[in-house]
Structures are given as structure tokens and as C-alpha cells.
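Worksheet: the structure to be examined is printed underneath.
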Amino acid sequence: MNNFSVDLTNCDKEPIHIPGKVQSHGFLVAVKKANHTISYISENAETFLGESAKNFLNKSVSILNSFFTQNEIQFDIEDLLRLGVIRKSFHAISPHPTAIGVKPYYLIISESVDNWLLEFEPVTLQYDLQSAIGRSASAMLQGKTVAALLKGAAIEVKKLIDYDRVMVYKFQEEGHGEVVAEELESKLEPFFGLHYPASDIPKQARELYKLNLTRLIADVNTEDAKIITFEEDKPLDLTNGVLRAVSPIHIQYLKNMGVHSSFSISLICKGELWGLIACHNYSAKFIDYKAREGSKLIGEILSSALEYRQGEEDSEIIEKFKDTATILTEHLSRDKYLIDALAGHKKSLFDITLGTGVAIIFENKLKTLGNVPADEDIWELAEWLKSINEESIYYTHRLPEIFHPAKKYKNLGSGILACNLSKDLNEMIIWFKPEQITTVQWAGNPEKPTEILPDGLEGLSPRKSFEKWSQVVNNTSEKWLAEEIASVLRIREVIITDVNKKANEIRLLNEKLQAAYDELDTFGYTISHDLRTPLTSVKTYTELLLKNKSIDEGGRKMLERILTGANKMNFLIKEILNLARVGRSEIDFEVVDMESLIKEITHEVWNAFKADNAELILGQLTDLKGDKTFIAQAFTNLISNAVKYSSKATKPKIEVSSYIDGDEIIYTITDNGIGIDNRYYDRVFELFKRMDNVKEIDGTGVGLAIVKRVVEKHNGRVWFDSKLNEGSTFYVAFKK
Ligand code: ADP
């Protein structure tokens, strides 16, 4: 018959629906549908009927009539079968009350391919459970949350069947299970919160739970009764049977836990096995068919309540996510800085998913909330994400397996959900979920030793199962829900719209600024130009007056001051004109021979400042492509400053040189002069800005503004290093 031998390696292939045996608290007779002859019978029928089971094989089922009575009258089993066939269901007929002698039995009829299964089991319950079931159902439905509902179910089922432990066991996506509610005798060790690997309840067992909503294992220590037949090659399918014998692995599993009886009720949500109400008793305990049916009803009510409540809780989560998104949208419109808007208030990006931490990388800054890996790990992860992710969103619940460096922070980020805000700038938000195993509390005693058992079956115990589960879920977090992904996509859209809006505002501001600059240039140019003629008159007439001998010494001094003032003004006007010219002119690119240009400039500057005592060192000077006039102007200003501001040094030393760095040529102008106070670093290039330490040295504060404009017009950069009273180095970088 069924020669399949079971060990731990093949239990998910074990044909548990054809065990070839029944549990021996009842007995089974299978009758051929076609002619009502007895095709199979369990050997223990003899215990109940007092006659060898073999004698019934191949006889008409009516042979059994004489053994049974109903209301003390003999009844016809064939009539009952015919009635079921006419009604197309044995539901209304099962369980059919009958008696063997004075002992009451239930006859439960079901279908098995070509046969009817007739199973007889003792009646033990003497009162009607109907009202107790009603009370239990309404007490259970008092629970307003899914958790309360499940706990209520455990309490009520325990009242109905009076088992030592009643657990609600939930299946997760991969078939793993978790004890999500429990009611138990106080002396027992709780299993609440425990996880089991999928292999603990193999796939084919889960399938049977969907077909058969209750399952009783009355006593793990009694011998099962063999089913005998003359049809050796056709094992009897007991999928629908109530007495179906249990897999030896499962029996061993129960024995390892000290369980003598087990009862389970299937919970089906949306057509799928959601979980089980799993009940354990630590001594043998049979449950009457009616009480099992009552429990089944509780399970069915719970299943539909679960569907509803779960739906309710899911929509609560969705609402919470949506509310947060609305609040963040408001923050974004009000706050100046994106990171403040998203992470600086009570409601933040943290509330957009169920993750336990979040990191935002924006404008090269990192901001984190909640439990996240170290900053350097997040930067490294961001680099990796940039390299692998073409899409706007990326998520995984097993990061350490895909990205090995994540192993060291798996307790914080085994799962990540990342969305990019700008791929080019590597701006993104990453939510984290910890490794599942670290979120699970083991409710039992971790020191409890596991029993050593024969047959290599010692692996079967809740503790070992938990360990096995831990290995399976090692490096994985809880999965990201569709709602969380939708929520992240929603907020990403909001952020990107906001960033674009702000970028547009900045662009408009820039355009306005550019227009203002242009206007200022035109204004500066016109004013300076128009001032030159009257100023020349002032100068010329003053000079004429000075030649007049009749003017006394006092008048002469005044005229000389006028002349100095007019000269200064003339110089300033020239400078402003130069600045305006840079703004207004197009750049005329040509190769500039820098060595000769700098030589020319230094020659002029040395003459102008009479700087004979200043030492000049010229390093290598690479040619560049640019507008020779403007370049000359910029370098004249820089070299003049170097000479001017080092003139007070005992031994002034000016060095001009250049070097190549990547795609840039960088020129340096170094002096050992008075230096610049670092506090004003950003202001040195502003128009008319002069430092406090140069009051005694002539200048207009226009020179560096011209340098900056010239360099920027060439798409270059200018900056400096300086130390007060030690000297300064100005750097000018041009693209090669
Ligand atoms: P100015 O005509 O005053 O030299 P610039 O625009 O050329 O105007 O320079 C602005 C200010 O920057 C100067 O007034 C001075 O305070 C500071 N500065 C520029 N170059 C040097 C330098 N080589 N050493 C010290 N200070 C400098």
C-alpha cells in the first residue's frame, strides 16, 4: 500500500492524504459509489463491531445495518447514502447520530474519488453547544483591532474545547509562520511571538488545511489502525476524512513538545490560508465532532472579521501615509530649505513608510532620522545605489545578500527602500528596515536544552524551529508593502515638483539679476564716460591756474589738492569704465603667450610703483586661450596688488607661476605682504570693498571685481589663500 518512508529531508513530498491508516479513536469503512460494496475498512473496526474487519471486505454495505441502531431502531446505511446522493451533499446528513449497542456514535460521510468514506466516531458531548458558540462569537468580535480580535478568538476557542494552549498562527508570504495570539494555562511557557520556518507545515499540509477546515489528532500515543483492502495498488484518498492518520514527522514534532493532542482550525482570507488556530493539549483529549464544528464556525467568523479588520487597518495605514504627505507638502511650500521641511518637524519623512530609519541626501548634505547606519556607510550605499539603479525607486528586503558591505549594519538596514531625487547629483532618500530576526522576541527560555531523540528527529521542536527560521530569514527584513512603495512614490513626486519650482524661481531671479547687471554696466559706462569731459575741464583749468603767478601760496596749495582729487577721480572713472567694458564686451579668444605678457606687465607695474627693492620670481607660465586685453587687465590688477600690499615688507617678494591640474591651468600670484583677514573671505571680490588694514595704501576697491568678472567670463575660477602679515596667494584657474 503506502510504502513511502519519511525523514526530515522529504517531508514536503510525503503523500499525507493517503497514509493508509486512520486514528484509532474511530473506524472507517469505504464503500464503492457504483455498487455500495465495502472496498476498504480499517482493521480496528473489529474493536467496535466485534467481528474481524476482513469479513466485511467486498460485501454490500447493508451488512453493517445489523450493528447500528438509530433511536433504538435498526437503520439502513444504504438509504442514507442514497439520500445524500439525491441531495448532492452529505453536509446536512453529517454527522448522522447512531449507536452501537448503547454507545452513541456519529457517522460522518464524505467523498473519496470512487468511494464514499463512512467514518464512525464516539459521541462524548451530552449538551447542545449552539448558545455557547453564539456567545463566543460575539465576545470575540468585541476586539476592535486585528490583535484584539485574534486574542479574543484564542480565548473563546480555549473555552469551547478546553485545551491547555490555543495559539493563533499566521502564515507569512513565504510560508513561514508566527504565533500572533495565544491563550494558555499559566504554568506553560508562552510561544507568543515565535516564528517557524515554512518547512514546519509543509506545502501539501497547507493545501489540506484549505480543504479540511478542522483537524484533530486525538492522541499521539495510540497506534493508528491500518486500512485493509483487496485493491492493493490503489491507496485510499483520505483528504476529506476526519480520521486520517497523521504523518510520523508531525507526530514526532508534537511528542517533542510534550503535546498529546492537537487540534487546528483553518483561517481562510480571500481564498488563501491566512493562518491556523492551533490548539495543544498535554494529555490525550478527544474533541466531540459537534464541538469541532462549533470551533470551525468560530474560525469562519474570525476569517471574515479578519478580512474586514485587516482591510480597515490597511486603509488606516494608507490614510496615515497620505496625511503625512499632505503635511510635508505644506512644509515644503513654507520652509526655505528642503531638508528642514522634510526632517525638521514633528511629521517627517520617517512617517511615510513603516521603516525604522530614514536618510536624506540633498545638495551634498546628509540628514538622518531614526535608526540608520553610520554616515560613511550611508554615503557608500548611496554610491552603490547610484551605480545600479536606473529607476526612480529601488527596494529590497535582503540588502546584505545583494550588497555585502551592508552585512555589518544588517541589524539596522537589511531592508532598504530608496528613491532618487536627482540621479546626476546623487540626491536620494533611503528608508531602512532592520533584520527581522532582531525584531523578534523569543518568548521562551533560550537555555532550555533540546531533547535528544532517536531517528534523527531531534530537530523538531519549537526552539529548533525558531533557530531554523532564524537561518532562513538571516539578512532579511520584513518586506516593503505595496502601500509603502506607493507612499514613497507619492512623496517623491511632491519633492521633485517642489525642487523644480524652486529651481525655476532661482532661474528667474538669475535672469533678473543678469538684467540688473547689464543695466548697471550701461549706467556705469555712460556715467563714467560723461564724467570724463567735465573732469578734464576741471583738470586743465586747474593746471592753467597753477601757472598763474599772481596766485599766492595758500591758493596754490588748494589748487594742487583739487588737481590730486581730480586725478584720483579720473583713475576711478577709468577703473569703472574698465569694469563696465568687461560686462559689455564679447570675449575674443586667442592663444595668449603668458610668459611675455607677464613680463610686460611686471615691467610696467615695477615702474609704476617704483618697486625696485621688490624681488620678482617668475615660474613656468603656460599659455592660455583667452581675450588678451582682459587677461592683461586681470593680471595687471593682481600683480599690482601683490606689489602694493607687500611694499611695506622689509624684503618684498612676488612670485608668479602656473601649473596644470586636471583640465585646468592654474596661475598663482604670491606675495609676502600684509595679508587678508579670513573673516572677510567672501567679500574681497566685491566692488569697492577694501580691508581695514589697507587704509594707508591707495586703492579703489575695483581691481578684484574686474579680475572676478574677467575670469568668470572665461568660465574660470579665482580664489586665494592668505595669512595676515605673512602674505597672500591668488589663484586663477582657466580651462585648458
Ligand atoms: P584696491 O584698489 O583696494 O587694491 P582691489 O579690488 O584690487 O582694490 O582689492 C580689494 C581689497 O582686497 C584691497 O583693498 C585689499 O584690502 C585686499 N587685497 C587685494 N589683494 C591683496 C593682497 N595681495 N594683499 C593684501 N590685501 C589684498
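For ligands, and for the atoms within them, numbers begin at 1 and follow the listed sequence.
Taking distance alone, with nitrogen or oxygen atoms compared against 3.5 Å, R690 approaches ligand 1 more closely than that limit. Considering backbone and side-chain atoms alike, G701 places an N or O below 3.5 Å from some N or O of ligand 1. Looking at G703 next to ligand 1, an N or O pair under 3.5 Å apart turns up. Below 3.5 Å of separation, one finds no N or O of D698 facing any N or O of ligand 1. At a 3.5 angstrom cut-off on N or O pairs, A705 does not count as close to ligand 1.
Looking at residues two or more places apart in sequence or on another chain, you find a ring pair (Phe, Tyr, Trp, His ring centres under 6.0 Å) between F730 and F720.
For ligand 1, the atoms lying closer than 4.0 Å to a non-hydrogen atom of M691 are 14 (O), 16 (O). Every atom of ligand 1 with a heavy atom of V702 under 4.0 Å away is listed here by number and element: 6 (O), 8 (O).
In this structure, atom 12 (O) of ligand 1 lies nearest to the protein heavy atom V684 CG1, 3.7 Å. Of all protein heavy atoms, the one closest to atom 19 (C) of ligand 1 is N641 ND2, 3.5 Å. Counting only heavy atoms of the protein, atom 10 (C) of ligand 1 lies nearest to K689 O, 3.3 Å. Looking from atom 22 (C) of ligand 1 to the surrounding protein, the closest heavy atom is Y645 CD1, 3.5 Å. Distance from atom 23 (N) of ligand 1 to its nearest protein heavy atom, with residue and atom name: D671 OD2, 2.8 Å.
Ion pairing between E595 and K599 holds under the 4.0 Å rule for side-chain N and carboxylate O.
Among the candidates K433, K320, K479, the single residue satisfying the salt bridge (charged side-chain N to carboxylate O under 4.0 Å, His left out) test with E484 is K433. Screening K408, R398, K410 for a salt bridge (charged side-chain N to carboxylate O under 4.0 Å, His left out) involving E435 leaves a single residue, K410.
Contact annotation for L704 and ligand 1: heavy atoms of both the backbone and the side chain come within less than 4.0 Å of the ligand.
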